[in-house]
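Working notes for the structure below.
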Amino acid sequence: MTKSIIVEFSLSDVLPRSFYDRSPLIVGREIIGKKLIRTFENGKELSGTIVEAEAYGGNRDPASHSFRGKTRRNEVMFGEAGHAYVYFTYGFHYCLNFVTSSKFGKASAILIRAAEPLTGINFMERQRKTTLITQLASGPGKLCQAFGIDKSQNGIDITRTDSAIRVESSDLNLRVSTSKRIGIRVAIDRRWRFFSTSSPHVSGGPSSKVRGIRES
DNA sequence: CACCCGATTATCT
DNA sequence: GATAATCGGGTGT
């Protein structure tokens with residue numbers, strides 16, 4: 001009984017599955033400003049404010065991994081909303097996604113592209129081999145490196161309070177801008193990238209101007 | 001089994 | 001602006 005009371009009145013603000021089980025366009029916008037938390041088996045905890053995300057959606061979206069159907073790599077995208085889809089790319093980097101509604105073209109997800117570090121910054125600096133705060137998690141590959149995320153987290157349920165990766169609500173109410181998605185060659189007309197307006201922690205920040213990213 | 005290429009990043013000119 | 005680093009997924013033979 002005591003246990004159930006503790007659960008009922010838990011102070012956890014972990015976002016529930018219903019948050020993710022919606023269109024990636026809605027989830028992508030609303031997740032900006034939320035708190036990303038990464039915990040390790042030794043109790044170590046890292047956190048940051050999500051400041052950039054992109055929507056990818058099933059058979060409506062030729063830029064999505066799920067566009068050509070289910071494969072061993074993308075099968076998590078075809079499963080339940082609220083799970084992590086982590087993939088390896090360019091021989092170097094991991095990218096973190098959260099599965100969203102299956103009603104949006106069979107399989108959809110949002111790519112978590114950047115976060116503003118809050119706690120565990122020393123750990124992130126060691127992971128990233130830099131102390132420049134705006135370089136720690138200002139890109140999908142950088143974010144995974146800073147937060148120690150790799151394929152071993154692929155498929156985990158991020159709505160559990162004890163999950164190695166989870167997202168909590170926040171009092172922040174950041175202004176959100178949109179733009180075309182970055183790094184894709186098809187469906188480049190859609191403005192499915194969402195980011196905190198003027199945040200120095202988004203990709204295309206200080207040192208990435210060379211890539212010519214425009215956010216209009 | 002060979003081939004192509006990617007939801008990236010760091011570093012060079 | 002251009003390219004190297006580096007590897008596994010996906011496709012076609």
Side-chain angles (χ1 to χ4, degrees), chain A residues 20 23-25 27-29 31-32 36 50-79 83-101 104-115 117 124-155 158 165 178-195 200-215:
Chain A
Y20 300 98
S23 160
L25 299 179
V27 182
R29 176 178 289 271
I31 206 161
I32 302 302
L36 173 66
I50 296 172
V51 294
E52 180 181 353
E54 282 177 353
Y56 286 89
N59 56 15
R60 299 183 179 197
D61 179 13
S64 174
H65 286 178
S66 61
F67 183 64
R68 295 170 203 286
K70 181 161 41 169
T71 65
R72 180 175 277 102
R73 177 176 67 153
N74 67 21
E75 61 183 352
V76 174
M77 281 187 78
F78 289 81
H83 286 253
Y85 166 44
V86 183
Y87 67 86
F88 182 65
T89 191
Y90 289 105
F92 277 89
H93 309 290
Y94 293 96
C95 290
L96 172 66
N97 300 256
F98 297 148
V99 178
T100 52
S101 175
F104 191 87
K106 291 184 180 174
S108 69
I110 55 170
L111 168 67
I112 307 303
R113 289 191 57 91
M124 296 184 195
E125 290 175 343
R126 287 197 298 277
Q127 291 287 295
R128 294 276 304 120
K129 304 186 192 303
T130 177
T131 56
L132 297 176
I133 188 75
T134 56
Q135 282 296 312
L136 295 181
S138 53
K142 298 178 192 176
L143 183 148
C144 284
Q145 189 178 18
F147 281 78
I149 292 168
D150 60 33
K151 251 173 118 176
S152 62
Q153 283 82 52
N154 187 40
I158 62 168
I165 299 172
T178 65
S179 78
K180 294 177 180 179
R181 292 176 293 182
I182 295 172
I184 58 174
R185 308 177 76 98
V186 294
I188 57 176
D189 51 309
R190 304 169 200 200
R191 301 174 67 87
W192 286 5
R193 173 175 174 246
F194 305 93
F195 58 99
H201 298 273
V202 300
S203 64
S207 78
S208 302
K209 286 175 184 168
V210 287
R211 283 202 284 168
I213 296 165
R214 282 189 292 276
E215 302 172 341

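Below, chain A is the first sequence line, B the second, and so on; all start at residue 1. Predicted model, so just to flag it, every value in this text is computed and none were measured.
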query: A:Arg68 or A:His93: which one's nearest nucleotide on DNA chain C is closer to the 5' end?
result: A:His93
Out of C:dA5, B:dA7, B:dA10, whichever nucleotide has its closest atom nearest the side chain of A:Phe92: C:dA5
message: Looking at A:Lys151, I'd like to know whether one of its side-chain N or O atoms comes within less than 4.0 Å of OP1 or OP2 on C:dG9.
response: yes
task: Give a yes/no on whether any side-chain N or O of A:Thr71 is located under 4.0 angstrom from OP1 or OP2 of C:dG10.
output: yes
- prompt: Which base, if any, makes a Watson-Crick or G-U wobble pair with B:dA7, both distances under 3.5 Å?
  reply: none
Distance, rounded to the nearest Å, where A:Phe88 contributes CZ and C:dA5 contributes P: 15 Å
query: Is any N or O donor-acceptor pair between the side chain of A:Tyr90 and the base of C:dA5 shorter than 3.5 Å?
result: no
query: Taking for each residue the nucleotide of DNA chain B bearing the nearest heavy atom, is the 5' side occupied by A:Arg128 or by A:Ile184?
result: A:Ile184
query: When the distance from CD of A:Gln145 to C1' of B:dA7 is rounded to whole Å, what number comes out?
result: 17 Å
Value in whole Å for how far the C1' atom of B:dT8 lies from CD of A:Glu52: 13 Å
- request: For A:Glu52 and A:Ser203, indicate whether the former's side chain and the latter's backbone hold a donor-acceptor pair under 3.5 Å.
  value: yes
- request: Take the angle between the ring planes of A:His65 and A:Tyr85 and call it parallel below 30°, perpendicular above 60°, tilted in between.
  value: perpendicular
message: So if I take every side-chain heavy atom of A:Lys142 and compare against B:dA7, C:dC7, B:dA10, which nucleotide ends up nearest?
response: B:dA10
- prompt: For A:Arg185, which contact category applies under a 4.0 Å heavy-atom criterion: base, sugar-phosphate, or nothing?
  reply: sugar-phosphate
query: If only side-chain N and O atoms of A:Arg73 are considered, is one of them under 4.0 Å from the OP1 or OP2 phosphate oxygen of C:dG8?
result: no
- prompt: Expressed in angstrom and rounded to an integer, what is the separation of A:Arg113 atom CZ from B:dT9 atom P?
  reply: 7 Å
task: Indicate, with a heavy-atom threshold strictly under 4.0 Å, whether A:Lys129 touches base, sugar-phosphate, or nothing.
output: nothing
- request: Applying side chain to side chain donor-acceptor pair (under 3.5 Å), run through A:Thr100 and A:Ser108 and close with a yes or a no.
  value: CA-CA 5 Å; A:Thr100 52; A:Ser108 69; 2.5 Å; yes
message: In this structure, how many angstroms lie between the P atom of C:dT11 and the NE2 atom of A:His65, rounded?
response: 12 Å
query: Rounding to a whole Å, what distance do you find between A:Phe67:CZ and B:dG6:P?
result: 15 Å
message: Under 4.0 Å, counting only non-hydrogen atoms across every strand here, what does A:Gly141 touch: a base, just sugar-phosphate, or nothing?
response: sugar-phosphate
